[in-house]
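Report on one structure; see the data block that follows.
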Amino acid sequence: MAVTAAGRSAWARWWPAGLAWALWVLALLGVATIPWFDHLLRQAGRSELTQLHAITLPSVVAALIAVTVGAVLAGRRPRHPVGWLLLVLGLAVTASGVVDGYARYGLLARPGALPAARWLAVFSPATLYLGFVCVGLVLLLTPSGSLPSPRWRWWARLAVAGPVVFLLALAVGPGLVIAPYDPVIDQVTSRALAGAVAVAIAVSVAIAVGGLVVGVWSLVVRYRRARGMEREQLRWVAFAAALTVPPAAILLIGVVVGTTGAVLVVLAAGVCMALLPLAIGAAILRYRLYDLDRIISRTLAYGLLTILLGGAYAVVALGLGQLLGQDSSLAVAGATLAVAALFQPARRRIQALVDRRFNRRRHDAARTIAAFSSRLRQQVDLDTLTAELLAVLDQTMQPTSVSLWLRPSVAPPSARQPTPASWTLRTTL
């Protein structure tokens, strides 16, 4: 019986991780089939139907990041729903590419060559729709894995019901046909149900877009109530969500409305969607939570440094090109050496400027600690050092309470000199 109980305990501990990584492998296999379908389309002479190019590549990378972070979270914390939702998100984006490639080859390039190609073309919008619903649920359940309060249950149920209504509408309608299938698939199968199908799709899309808005609002509500560790977790998620939600919502609206010229929106959405799983994984696993200010300041500093050095390179190269000739290699070499010489001084000055303007608390704390270290080498009076240590802690860490206990020096019987006093410091943040 003991062996059986131990075996069941080991199985209960390892099967969620095995399932998570099995789904991760499935996603990788799905990504691998997309270039295979592109190869078949090129052989059929329909290279314009291929999917992998500079526009869709960021979405594929974002899907791989989502399933990887989801597998790590689901393996380490299987009861946390966000890991499984990230797995579903990555699988949905991957399945969208696989279904689209299958339908393009079996319906457009080689009509009748693959079974059920028409039905997959009809249901292809459902995969991306499921991905957007997962994003809203991830924002709603991060970082604790539960709703902000029981009052949010009605919206969670509505968000789960949205994909069901969307699938039923596509099965009856289809009502929503995206390019390039619109020439070969009718928008509505049954004219009598055209109005009901249109209303169901509109409501489902409104739920998906509303899920993104509600998810962001739930983060705001959580942040107002959060303290300590949870507040630091939410800062990471809020930072990524601020970059992710707007282009994702615009992309969803553009796809549904059928607008053209959404190339830049798709590219921006793919890049931003890669940030959200990384931030959520760091927040839930509590990895380097307190480095967000440092990351933001470094991003601003290196962005400004890139602009400054790029401008300096262009000015020097153009100036030397006018003096030495446009084809002279000395102009390029001189501009490169000038930029290399300016890199370190410019980086230090720009970083100091960014820290003073946008990361003032860390900048002041660093200066306070440096001044105390210099004072510590010169001061020998214990009472003065104690007061200064407490003042430095109050300025840098801002605890709610701080206490310092000094053990009195005791002269051992076999020694003439007393032992130094030991310090015990206790702070409450």
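Nothing fancy with the numbering, it's 1 onward along the sequence. Hydrogens, waters and symmetry mates are skipped; everything else that's a heavy atom, side chains included, is used.
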Atom of [X], atom of [Y] and distance for their closest heavy-atom approach:
X    : Y    : answer
L212 : G136 : CD2-N, 4.0 Å
A113 : Y105 : CB-CE2, 4.4 Å
P81  : G145 : CG-O, 3.3 Å
I201 : A169 : CG1-CB, 3.7 Å
T94  : I34  : O-CD1, 4.4 Å
Y102 : A117 : CE2-CA, 4.1 Å

Would you check, one step at a time, whether the test side chain to side chain contact (heavy atoms under 4.5 Å, CB included) holds for V93 with V67? CA-CA 10 Å; V93 178; V67 294; over 6 Å; no

Examine distances only and state if a side-chain atom of [X] and a backbone atom of [Y] form a donor-acceptor pair shorter than 3.5 Å.
X    : Y    : result
R222 : L140 : yes
R77  : I284 : yes
S96  : A92  : no
Q51  : G97  : yes

Any non-hydrogen side-chain atom of [X] less than 4.5 Å from a side-chain atom of [Y]?
X    : Y    : value
L147 : L141 : yes
W14  : P78  : no
W217 : W152 : yes
V138 : L89  : no
V99  : F123 : no
R235 : Y223 : yes
I280 : V82  : yes
V197 : L170 : no

Parallel, tilted or perpendicular: rings of Y129 and F166 (30°, 60°):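 Judged by the thresholds at 30° and 60°, the geometry between F166 and Y129 is parallel.
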
From CA spacing to verdict: side chain to side chain contact (heavy atoms under 4.5 Å, CB included), L120, L114: CA-CA 11 Å; L120 289 178; L114 299 177; over 6 Å; no

How many angstroms lie between atom [atom1] of [X] and atom [atom2] of [Y], to the nearest 0.5 angstrom?
X    : Y    : atom1 : atom2 : result
R46  : L108 : CZ    : CG    : 6.0 Å
L73  : L87  : CG    : CG    : 8.5 Å
H39  : S47  : NE2   : OG    : 13.0 Å
L130 : L91  : CG    : CG    : 9.5 Å
T127 : F132 : OG1   : CZ    : 10.5 Å
L28  : W21  : CG    : CH2   : 9.5 Å

